[in-house]
Amino acid sequence: MARIVAGISSSHVPAIGAAIDNKRTEEPYWKRVFSGFEKSKEWMAKTKPDVVIAIYNDHASAFSVEMIPTFALGCAAEFPPADEGWGPRPVPVVKGHPELASHIAQSVILDEFDLTIVNKMEVDHGLTVPLNLVFGSPKEWPCPVIPLAVNVVQYPPPTGHRCFMLGKAIRKAVLSYPEDLKVVVFGTGGMSHQISGPRAGLINSKFDKAFLDNLSKDPQKLVRMPHIEYMREAGAEGIEMVMWLVMRGALDDKVDEVYRFYTVPASNTAVGHIILEPSRKGAKKAAAKPKAKRPAAKTKRAAARKIPLVRKGKR
Ligand SMILES: [Fe+2]
């Protein structure tokens with residue numbers, strides 16, 4: 001059976017990708033950002049997921065303004081890097097996992113989440129930058145990645161609650177997949193930033209840090225947060241953080257926070273990153289729970305007392 005072994009969130013700032021591609025990661029400005037992901041790379045090398053499900057948003061690369069799906073699941077065998085205006089990023093083609101993706105599509109759609117199934121799609125920095133941050137810059141990405149694009153660029157984006165519940169539906173789908181796979185779910189985007197208008201450059205570290213606290217310990221506090229609060233507190237593009245709630249919904253209710261990193265700024269954005277694993281305490285408790293009594297024993301006792309289990313006329 002497949003299982004979700006962790007959730008990771010990180011910002012997906014395009015300038016981080018440009019710093020990698022232009023070999024500027026050792027410059028002091030960028031070293032501050034990249035050094036925060038060294039531990040994550042070590043963690044990832046140890047964890048070795050079989051599949052990543054990456055929740056991200058397309059920035060008018062795969063979908064133009066002519067067509068904007070709210071939730072689009074990549075079911076293709078591969079996803080080439082998109083040309084975002086200066087040629088495709090020099091990163092490996094993302095290999096998909098069509099079998100698990102199709103299984104998720106079936107399970108989630110029959111659970112009444114109307115995903116768009118995408119059989120051909122290019123992926124932009126929203127997906128490739130987080131892969132770089134935790135996998136580095138290998139010749140091939142070390143595992144298949146299933147992209148799930150969420151609309152956060154055209155009003156109205158989905159609510160945080162909807163995202164959280166989609167995460168739960170994805171969890172159910174993964175847990176019902178028969179192959180033994182270790183799955184890590186990524187939530188990307190954010191944190192606070194606004195790229196245009198009178199409030200351009202807005203960063204709200206207090207809001208971001210409280211968001212990280214709640215994501216880890218009390219996600220229900222975030223689930224009902226209205227869009228206007230993201231916009232007011234975290235800037236117009238801060239709404240990307242609803243995607244982190246898909247990741248959080250896919251995890252257990254209780255999680256252990258394995259790692260956190262926060263720095264300001266990268267370009268004009270606050271960079272936040274967190275790694276969450278299923279709670280070890282919760283796993284121990286579940287293992288120690290006494291087994292439920294078998295219904296067969298109840299039947300035997302009833303038979304011994306000659307009490308009919310179903311009385312006539314009481315069905
Ligand atoms: Fe973005």
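Index from 1, following the sequence. Worth knowing before you read on, the calculation uses all heavy atoms, side chains too, and leaves out hydrogens, waters and symmetry mates. First listed ligand is number 1; within each ligand, the first listed atom is number 1. Everything numeric here is computed off the predicted structure, so don't read it as measured data.
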Exercise for the section: Give me the protein N, O or S atoms that fall under 2.8 Å of the Fe ion (ligand 1), sorted by chain and residue number. Expected result: H12 NE2, H59 NE2, E240 OE2
Practice task
Using only heavy-atom distances, determine whether the side chains of H273 and S10 contain a donor-acceptor pair under 3.5 Å.
Solution key: no
Problem - NZ or CZ of R32 within 45° of Y29 ring axis and under 6.0 Å - result: yes
Exercise for the section: Classify the side-chain pair W43/E38 by whether it contains a donor and acceptor separated by less than 3.5 Å. Expected result: no
Practice task
Check for a donor-acceptor pair, side chain of K139 on one end and backbone N or O of P92 on the other, with a separation under 3.5 Å.
Solution key: no
Practice task
Go through F186 and Y56 one step at a time and tell me if the ring pair (Phe, Tyr, Trp, His ring centres under 6.0 Å) criterion holds.
Solution key: CA-CA 8 Å; F186 284 26; Y56 78 110; over 10 Å; no
Practice task
Applying side chain to side chain donor-acceptor pair (under 3.5 Å), name anything that partners D252, two or more places apart in sequence or on another chain.
Solution key: R171
